[in-house]
Amino acid sequence: MRILVLGGDGYLGWPTALHLSRRGHDVGVVDNFARRQYDFEMGVDSLVPIARLQRRVRVWEEVSGLQVEPFIGDLTDPTFVSRVLVEFRPEAIVHFAEQRSAPYSMIDQKHAVYTQVNNVVGTLNLLYAIADVDPSIHLVKLGTMGEYGTPNIDIEEGFIEITHRGRTDVMPYPKQPGSFYHLSKVHDSHNIMFACRIWGLRSTDLNQGIVYGQETPETKLHPDLATRFDYDGVFGTVLNRFAVQAVVGHPLTVYGTGGQTRGMLDIRDTLACVELACLNAPAEGEYRVFNQFTESFTVAQLAQMVVDAYPGRVDIDYLDDPRVEKEEHYYRAAHTKLLDLGLVPHLLNQVTISSLLAVADRNRERVDPAAIRPTVHWRSTASTLPTAGSAPGTGRDLASEASTDS
Ligand code: NAD
Ligand code: USQ
């Protein structure tokens, strides 16, 4: 298939592009390097060094003999989005290209507005471009399990049958997201479902859980094919953070009691799920939702698994929860649709955690201990970060630099 990967320079987008390329698909990647700019803004860096996109693409061609076509630009620019669709002519578009950190979206008003404009406007531009250029393109959109929140009933895959006053209907599952970032995904879901209804587009909304891991069969082929790995208090996700904390002797930062339960998956399963979605397109006009995770754990369980896997001593620090979220709650979420399509999950075990610890250990000299503790507090409308004054995108314009970079 011809598949365009939006956000193809990011943590998940880059390894997905390589996986799809190696599986024989014609792949293009789109990115505006916003993620690299957040690093400049926050004064942090990926734990694992990452090459520039242009270098990554060249190395992939040298190593595999396969080409991945880069397009540098911003999804909030509608002209750019339409041009890429016309030039590349994708059959499927995998859309990872959003600001994806809940804490980043909760820093202050500027970052909340930036997150929602970037994510909602980017996706809306994409929907219009698909409708205008080729409505048969399958949009595979990365959503999040966090759209549902933590209700006291079972979570279904996107829709729930409700009987109310004697009448029954199948409705979108109620959404109770926990940050302005997670809310942007809910807004996207509504816009996508509506576009499918009015223009007959086809889309799969992948409500993904928290991803862990850094290595995939393709990224391991050369150091310059590595994908990023975030461990800081704003962009690092929980298990990746705990692995780094264990290795540098920092107590594991469990927020609150650690009873928060979340769906999780191995990075290799993200790639498999995305390909399964692409290969099994929905019908014209169909909007469907897959819950993309393989297992669920409490945060305290994850911390204990890291303690058990690490050969040295690891302490756990129960911090006051900087977020507003339930610390103890019921959690049972359906996740059968990707399994039905053939997903064979990589489950979390001591081997997986040990390989995560090994990645952290190899790069331990690059860890900035000052970046580890949480700095963004949900109850505050303006968290005091050293750099929170500078608006996103007002730092170096990496996308322009890249387009003039021969
Ligand atoms: P990431 O930040 O590493 O990658 C996103 C990429 O999109 C970045 O390279 C960024 O520069 C690019 N981007 C952002 N806005 C853009 C725009 N307007 N135009 C062009 N490019 C833009 O994030 P990730 O961890 O790879 O996540 C990818 C997607 O998966 C996100 O949509 C995220 O919400 C979703 N997701 C991630 C996780 C996780 O654990 N990482 C879990 C569930 C869902
Ligand atoms: N947590 C800790 N200690 C930490 C970091 C996090 O206890 O050091 C807790 C958080 O309070 C939360 C849980 O761990 O209860 C998950 O936090 P996270 O930062 O790992 O994940 P989250 O903010 O939910 O966001 C991540 C991705 C996001 C994606 C989401 C999937 O950044 O893009 O949408 O996971 S989900 O959680 O299913 O919504």
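What you see below is based on every heavy atom in this structure, not just the backbone, and it leaves out hydrogens, waters and symmetry mates. When a ligand or atom number is given, it counts from 1 through the structure's own listing order.
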Does ligand 2 come near enough to [X] that some N or O of the ligand is less than 3.5 Å from an N or O of the residue?
X	result
H182	yes
G263	no
T253	yes
G143	no

Discussion item. Assess, by modelled atom type and distance only, whether the side chains of T150 and Q260 contain a donor and an acceptor separated by less than 3.5 Å.
Written reply: no

Fill in: Side-chain donor-acceptor pair present, H222, E62, cut-off under 3.5 Å
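Side-chain D/A pair, H222 to E62: absent.
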
Tell me which part of [X] gets within contact of ligand 2: side chain, backbone, both or neither, using heavy atoms under 4.0 Å.
X	answer
R100	both
R241	side chain
Y181	side chain

Counting non-hydrogen protein atoms only, what is the nearest one to [atom]? Give residue, atom name and distance.
atom	result
atom 7 (O) of ligand 2	Y255 N, 2.9 Å
atom 15 (O) of ligand 2	E325 OE1, 2.8 Å
atom 30 (C) of ligand 2	T144 OG1, 3.7 Å
atom 37 (O) of ligand 2	I210 CG1, 3.3 Å
atom 38 (O) of ligand 2	M145 CB, 3.2 Å
atom 26 (C) of ligand 2	T237 CG2, 3.7 Å
atom 14 (O) of ligand 2	V299 CG2, 3.4 Å
atom 20 (O) of ligand 2	V238 N, 2.7 Å

Worksheet item: Do the two ring centres, one from Y104 and one from Y181, sit under 6.0 Å apart?
Response: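 Ring-ring flag for Y104/Y181: false, centres at least 6.0 Å apart.
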
Discussion item. Would you say the rings of W14 and F96 are close, in the sense that their centroids are separated by under 6.0 Å?
Written reply: no

Worksheet item: Who are the side chain to side chain donor-acceptor pair (under 3.5 Å) partners of D132, not counting sequence neighbours?
Response: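 Applying side chain to side chain donor-acceptor pair (under 3.5 Å) to D132 gives none.
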
Practice prompt. Using side chain to side chain donor-acceptor pair (under 3.5 Å) as the criterion, list what pairs up with T336, not counting sequence neighbours.
Written response: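 Per chain and number, T336 pairs via side chain to side chain donor-acceptor pair (under 3.5 Å) with E157.
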
Practice prompt. Report, in ascending order of atom number, the atoms of ligand 2 lying under 4.0 Å from any heavy atom of A102.
Written response: 23 (O)

Worksheet item: For ligand 2, which atoms have a heavy atom of G146 less than 4.0 angstrom away?
Response: 36 (S), 38 (O), 39 (O)

Discussion item. I'd like to know whether OH of Y330 has more than 12 heavy-atom contacts from other residues, nucleotides or ligands below 6.0 angstrom.
Written reply: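 Counting other residues, nucleotides and ligands, OH of Y330 exceeds 12 neighbours.
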
Practice prompt. Mark yes when over 12 heavy atoms from residues, nucleotides or ligands other than E284 sit less than 6.0 Å from its CD; otherwise mark no.
Written response: no

Worksheet item: At a 4.0 angstrom heavy-atom cut-off, what protein residues surround ligand 1?
Response: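 Only G7, D9, G10, Y11, L12, D31, N32, F33, A34, R35, G73, D74, L75, F96, A97, E98, R100, N118, L142, G143, Y181, K185, Q208, G209, I210, V211, R228 have heavy atoms that fall under 4.0 Å of ligand 1, ordered by chain and number.
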
Worksheet item: Of all the heavy atoms in Q208, does at least one lie under 4.0 Å from an atom in ligand 2?
Response: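 The answer is yes: ligand 2 sits under 4.0 Å from a heavy atom of Q208.
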
Practice prompt. Over 60° means perpendicular and under 30° means parallel, so classify the ring planes of Y173 and Y148, tilted if in between.
Written response: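 Geometry flag for Y173 against Y148: perpendicular rings.
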
Item to complete: Could you check which of R262, R323, Q245 puts a non-hydrogen atom nearest to atom 17 (O) of ligand 2?
Response: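 Minimum heavy-atom distance to atom 17 (O) of ligand 2 goes to R323.
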
Enumerate donor-acceptor pairs with a distance under 3.5 Å from any side-chain N or O in residues 301-308 to protein atoms, sequence neighbours excluded.
unit_1 : atom_1 : unit_2 : atom_2 : d
Q301   : OE1    : T298   : N      : 2.8
Q304   : NE2    : D308   : OD1    : 3.1

Discussion item. I need the single residue from E286, K337, R288 that forms a side chain to side chain donor-acceptor pair (under 3.5 Å) with T204. Which is it?
Written reply: R288

Worksheet item: salt bridge (charged side-chain N to carboxylate O under 4.0 Å, His left out) between R362 and E215: does it pass, once the steps are laid out?
Response: CA-CA 13 Å; R362 280 200 298 276; E215 291 179 322; 2.8 Å; yes

Worksheet item: Does F180 reach the side chain of L183, with side-chain heavy atoms less than 4.5 Å apart?
Response: yes

Worksheet item: Cation-pi between R100 and Y38: NZ/CZ under 6.0 Å from ring centre and within 45° of the ring axis?
Response: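 Checked: cation-pi criterion not met.
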
